[in-house]
2 protein chains.
Amino acid sequence: MTRKRSLPTADELRVWREYIETAEALRAVISARLQSDSALSPGDYAVLLALSEAEGHRMRSSDLAAHINWERSRLSHHLGRMERRGLIGREDCVTDSRGAEVVLAAAGAEVFRGATVPHLRAVRELFVDALTAEQLDAAGQVAAALRAHVRS
Amino acid sequence: MTRKRSLPTADELRVWREYIETAEALRAVISARLQSDSALSPGDYAVLLALSEAEGHRMRSSDLAAHINWERSRLSHHLGRMERRGLIGREDCVTDSRGAEVVLAAAGAEVFRGATVPHLRAVRELFVDALTAEQLDAAGQVAAALRAHVRS
DNA sequence: CTCATGTAATTGACACGTCAATTATGTATG
DNA sequence: CATACATAATTGACGTGTCAATTACATGAG
């Protein structure tokens with residue numbers, strides 16, 4: 001056994017770069033599709049998806065942030081922009097005067113309905129169709145291993 | 001043979017989400033490390049790396065953009081910020097009066113020198129060490145398949 | 001030479017993300 | 001109840017990214 005290297009080898013570094021650059025490129029392409037198909041950013045989509053699935057199409061701001069794994073300030077800024085566009089609304093919370101409830105607006109629901117099929121189709125075309133069943137499985141396991149490792 | 005589905009299955013979609021969210025989380029963690037270790041963003045690092053490896057520590061702006069795969073306007077904005085911080089300089093190009101040459105400044109070279117080992121260590125700890133040899137290999141193949149597919 | 005067209009790089013406007021500070025309200029403790 | 005501390009959400013400042021427009025120069029056809 002050799003002692004554990006502290007720095008990655010050239011090959012390891014190459015894989016890292018391919019990994020991170022490919023994910024970034026894919027994110028950009030999917031994002032551009034969503035934008036041109038539906039005038040939504042990935043952030044808009046995540047918010048609308050969460051609200052669409054929520055009880056009464058409404059959610060406490062903090063819960064929403066936790067659900068989609070965003071910092072609260074990021075969500076505040078984003079909700080401000082989405083509110084200006086009429087996609088969502090904000091109401092005072094009855095049980096906690098500090099709180100706010102985010103409500104899916106009619107326009108938001110409609111835009112989301114129109115966005116979902118094209119978006120899923122894009123995911124299929126650009127991600128799923130690029131991989132064999134084995135590769136898809138491997139991708140899932142790699143992601144799980146990375147996720148588990150990063151939490152420590 | 002069943003006809004090809006146009007939408008991903010629930011499992012495929014789950015893998016997609018794990019893939020893209022994990023990559024994003026990893027990018028954020030590595031980025032935060034780089035920031036706190038060396039006061040550099042990933043963009044800064046990419047620019048400084050390219051210039052460090054370039055002939056004479058200088059490069060035409062367009063070539064640099066192509067090398068790191070950025071849009072030129074993005075690079076212009078970024079170079080403006082880096083120039084304000086004294087990390088790089090810009091000079092007129094001798095052979096083409098339209099052109100600009102980006103030059104690694106002394107301060108930039110020094111910051112980069114200090115950044116590289118901690119950054120590579122972070123890549124090793126957070127990415128390489130999380131994966132078995134087989135998983136690392138699989139990650140490379142998945143990235144290659146996705147890259148090949150997206151170019152068409 | 002000159003005019004049309006292409007290329008190098010920058011700029012402005014605006015969306016997005018992070019961090020630190022702020023405002024307002026809840027809650028526990030003496 | 002009063003004070004201290006925690007929590008909900010927002011705000012401001014600033015770095016980052018994209019798109020469309022702009023400036024300045026190069027170059028080839030006539």
Side-chain angles (χ1 to χ4, degrees), chain A residues 21 24-25 27-36 38-48 58-85 87-103, chain B residues 21 24-36 38-48 58-103:
Chain A
E21 284 165 15
E24 162 56 19
R27 191 208 53 73
V29 175
I30 297 263
S31 164
R33 288 250 192 142
L34 194 54
Q35 192 73 52
S36 66
S38 318
L40 292 178
S41 69
D44 299 333
Y45 190 87
V47 168
L48 294 178
R58 65 177 49 235
M59 209 179 235
R60 282 292 291 275
S61 182
S62 285
D63 295 343
L64 177 52
H67 190 73
I68 61 182
N69 209 35
W70 283 16
E71 293 190 10
R72 285 192 310 180
S73 94
R74 175 182 178 187
L75 183 60
S76 272
H77 285 300
H78 205 95
L79 291 178
R81 292 185 294 263
M82 292 182 75
E83 192 172 28
R84 278 205 304 271
R85 294 194 282 155
L87 300 174
I88 57 123
R90 286 197 264 202
E91 296 174 5
D92 291 352
C93 178
V94 185
T95 62
D96 187 336
S97 318
R98 291 167 305 183
E101 293 214 317
V102 186
V103 189
Chain B
E21 284 165 15
E24 163 56 19
L26 210 45
R27 190 208 54 72
V29 175
I30 296 264
S31 164
R33 288 250 192 143
L34 194 54
Q35 192 73 53
S36 64
S38 319
L40 292 178
S41 69
D44 299 333
Y45 189 87
V47 168
L48 294 178
R58 64 177 51 234
M59 208 178 232
R60 281 292 291 275
S61 181
S62 286
D63 295 342
L64 177 53
H67 190 73
I68 61 182
N69 209 35
W70 282 17
E71 293 190 8
R72 285 190 313 178
S73 95
R74 176 182 177 187
L75 184 59
S76 272
H77 286 300
H78 206 95
L79 291 179
R81 294 185 294 262
M82 291 182 76
E83 193 172 27
R84 277 205 304 273
R85 295 195 281 153
L87 300 174
I88 57 121
R90 286 196 264 202
E91 296 174 5
D92 291 353
C93 178
V94 186
T95 62
D96 187 336
S97 316
R98 292 167 304 183
E101 293 214 317
V102 187
V103 189

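Numbers restart at 1 for each chain; the letters A, B, ... are given by sequence-line order, proteins then strands. Keep in mind it's a predicted model, so treat the numbers as computed, not measured. Below, each value reflects all heavy atoms present in this structure, side chains not excepted, and no hydrogens, waters or symmetry copies.
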Look up atom [atom1] in [X] and atom [atom2] in [Y], then write down how far apart they are to the nearest 0.5 Å.
X	Y	atom1	atom2	answer
Ser62(B)	His67(B)	OG	NE2	14.0 Å
Asn69(B)	Leu64(B)	CG	CG	11.5 Å
Leu40(A)	Met82(A)	CG	CE	7.0 Å
Ser97(A)	Asp92(A)	OG	CG	8.0 Å
Met59(B)	Ile88(B)	CE	CD1	13.0 Å

Taking all heavy atoms of Arg60(B) and all of Cys93(B), pick out the closest pair and write down the distance.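 Smallest heavy-atom distance, with atoms named: NH1-SG, 3.3 Å.
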Which listed nucleotide (dA8(C), dA9(D), dT10(C)) is nearest to the side chain of Arg98(B)?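 Minimum distance to the Arg98(B) side chain belongs to dA8(C).
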Distance check needed: [N] [atom2] versus [X] [atom1], whole Å only.
X	N	atom1	atom2	result
Ile68(B)	dT16(D)	CD1	C1'	13 Å
Asp96(A)	dT7(D)	CG	C1'	8 Å
Leu75(A)	dA9(D)	CG	P	9 Å
Glu101(B)	dA9(C)	CD	P	9 Å
Ile88(A)	dA9(D)	CD1	C1'	13 Å
Met82(B)	dC14(D)	CE	C1'	17 Å

Are the side chains of Pro42(A) and Ile30(A) in touch, meaning some heavy atoms are under 4.5 Å apart?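 The answer is no, as the side chains (C-beta and beyond) never meet within the 4.5 Å cut-off.
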For Ser97(A), answer base if it contacts any base atom (sugar-phosphate contacts may also be present), sugar-phosphate if it contacts only those atoms, and nothing otherwise; contact means non-hydrogen atoms under 4.0 Å.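 Ser97(A): backbone/sugar contact only, no base atoms under 4.0 Å.
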Determine: side-chain N/O of Arg72(A) to OP1/OP2 of dA8(D), distance under 4.0 Å, yes or no.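 Yes, Arg72(A) has a side-chain N/O under 4.0 Å of OP1/OP2 on dA8(D).
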Strictly below 4.0 Å, N to O, side chains only: are Arg27(B) and Glu24(A) in salt-bridge contact?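 So Arg27(B) does not pair with Glu24(A) through a salt bridge.
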Without swapping roles, check the side chain of Ser36(B) against the backbone of Arg33(B) for a donor-acceptor pair under 3.5 Å.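 Flag set: sc Ser36(B) to bb Arg33(B) pair under 3.5 Å.
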Per-nucleotide protein contact string for nucleotides 15-22 of chain C, where B marks a base within reach and S marks sugar-phosphate only (heavy atoms under 4.0 Å, - for neither): SBSBBB--
Specify the residues of residues 58-67 of chain B, ordered by number, for which at least one heavy atom lies under 4.0 angstrom from an atom of DNA chain C.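 Arg60(B), Ser61(B), Ser62(B) - these, ordered by number, are the residues of the stretch whose heavy atoms sit under 4.0 Å from the strand.
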